[in-house]
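Fair warning: this is a prediction, and the values are worked out from it, not measured in the lab.
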There are 2 protein chains.
Amino acid sequence: MTATSDAEHALRGASLRVTRPRVAVLAAVHEHPHADTDAIIRAVRSGTGGVSTQAVYDVLRALTSAGLVRRIEPAGSVARYEARVGDNHHHVVCRSCGAIADVDCAVGAAPCMAASDDHGFSIDETEVTHWGVCPDCTTAHSP
Amino acid sequence: MTATSDAEHALRGASLRVTRPRVAVLAAVHEHPHADTDAIIRAVRSGTGGVSTQAVYDVLRALTSAGLVRRIEPAGSVARYEARVGDNHHHVVCRSCGAIADVDCAVGAAPCMAASDDHGFSIDETEVTHWGVCPDCTTAHSP
DNA sequence: GCGTAATTTGGAACGATTCAAGATTGGTAA
DNA sequence: TTACCAATCTTGAATCGTTCCAAATTACGC
């Protein structure tokens with residue numbers, strides 16, 4: 001599979017050992033954008049068989065700190081992971097069903113980065129989350 | 001105290017029953033901006049005596065849905081509450097110590113609200129979180 | 001091929017939050 | 001004012017996602 005060799009290559013590039021769980025988790029994140037940990041665990045298990053829960057948590061943390069995946073955590077939701085890293089995009093979250101969609105930044109490369117008063121903080125990242133209701137839930141609520 | 005009567009007035013204005021736990025919690029949120037639930041519980045107990053943990057959780061939820069307080073929840077942190085509602089401001093969060101500071105929006109009234117592609121979502125709120133390191137942690141790390 | 005060190009495993013622990021049932025209180029109408 | 005009803009508080013326990021621990025396994029570099 002291409003996904004597997006891509007994952008393998010990405011792991012090597014990040015100086016991470018190439019193990020079966022890591023390849024499987026990385027491939028699962030690529031295949032299921034915005035999946036939570038439980039969904040990733042299930043996806044990995046259905047694909048390659050026995051992988052422990054802790055292995056997935058640990059791999060996800062390793063991949064996150066290596067910058068291969070990005071951890072997103074909308075308020076009131078569990079942690080989710082996505083494979084789109086490096087580009088500047090944000091998210092829309094459905095208040096009703098929790099669905100997440102990617103939103104490219106409207107302003108350009110570094111949106112809203114300019115805080116009017118940064119209180120002396122050295123800001124290195126700015127996160128934008130749009131809250132609303134997704135099309136499915138909108139039609140479901142007003143038939 | 002003025003804080004207490006203010007809280008009482010705010011509760012009545014929101015058609016919420018005025019109870020001792022509610023007044024105490026609302027006053028505590030006003031006195032401690034960005035406090036987490038545990039800090040609020042401790043503040044309330046030191047002030048008015050016995051209030052159950054669940055009462056505080058329930059009151060905070062009631063106040064949040066009534067719009068009297070705003071719940072903020074930076075990724076990797078516990079829920080925090082603030083009393084500044086209605087104005088359009090965002091937050092800077094310290095990656096090191098978790099400190100939170102308010103940031104008025106640089107763009108104006110509705111910043112970054114324009115998503116380039118909203119995927120059909122009806123967006124009603126946009127949340128901006130800046131991540132960085134606060135002055136205290138910066139000096140602590142490079143003396 | 002071998003050794004070392006990282007990695008995975010399985011179990012258990014943890015903290016924040018929520019659930020359930022009963023007692024109590026606040027608001028309101030008589 | 002008094003009594004009523006429903007909302008709210010208390011007590012106690014349970015749930016969920018996540019992390020920690022020690023032991024066994026595995027992969028990588030030489």
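A:Arg71 approaches A:Ala79 most closely through the heavy-atom pair NH2-CB, 3.3 Å.
Side-chain N or O atoms of B:His32 include none that pairs as donor or acceptor with a backbone N or O of B:Ile40 at under 3.5 Å. No donor-acceptor pair under 3.5 Å is formed between the side chain of A:Arg12 and the backbone N or O of A:Val18. Looking at A:Arg22, its side chain never comes within 3.5 Å of a backbone N or O of A:Val59 through a donor-acceptor pair. Using modelled atom types, no side-chain atom of B:Ser77 and backbone atom of B:Glu73 make a donor-acceptor pair closer than 3.5 Å. Looking at B:Arg70, its side chain never comes within 3.5 Å of a backbone N or O of B:Arg84 through a donor-acceptor pair.
A donor atom on one side chain and an acceptor atom on the other are found under 3.5 Å apart for B:Glu82 and B:His89.
Counting any heavy atom pair closer than 4.0 Å across all strands shown, A:Thr53 reaches no nucleic acid atom. Within 4.0 Å of B:Asp58, counting heavy atoms only, lie sugar-phosphate atoms of the nucleic acid but no base atom. Residue-level contact check: A:Ala79 touches the backbone only, with heavy atoms under 4.0 Å from sugar-phosphate atoms and none from bases. B:Thr19 comes within 4.0 angstrom of sugar-phosphate atoms only, judged by non-hydrogen atoms across all strands, and of no base.
Using a 4.0 Å cut-off between charged side-chain N and carboxylate O, A:Glu125 and B:Arg95 make a salt bridge.
Map B:Gln54 and B:Arg17 each onto its nearest nucleotide of DNA chain D; the residue landing nearer the 5' end is B:Arg17. Of the two residues near DNA chain C, A:Arg22 and B:Val78, the one whose nearest nucleotide lies more 5' is A:Arg22. Between B:Leu16 and B:Asp38, the residue anchored closer to the 5' end of DNA chain C is B:Asp38, taking for each the nucleotide with the nearest heavy atom.
Contacts between chain A and DNA chain D, taken as any atom within less than 4.0 angstrom of a protein heavy atom, begin and end at D:dG17 to D:dC28. Of all nucleotides in DNA chain C having an atom under 4.0 Å from a heavy atom of chain B, the first and last in 5' to 3' order are C:dA16 to C:dG27.
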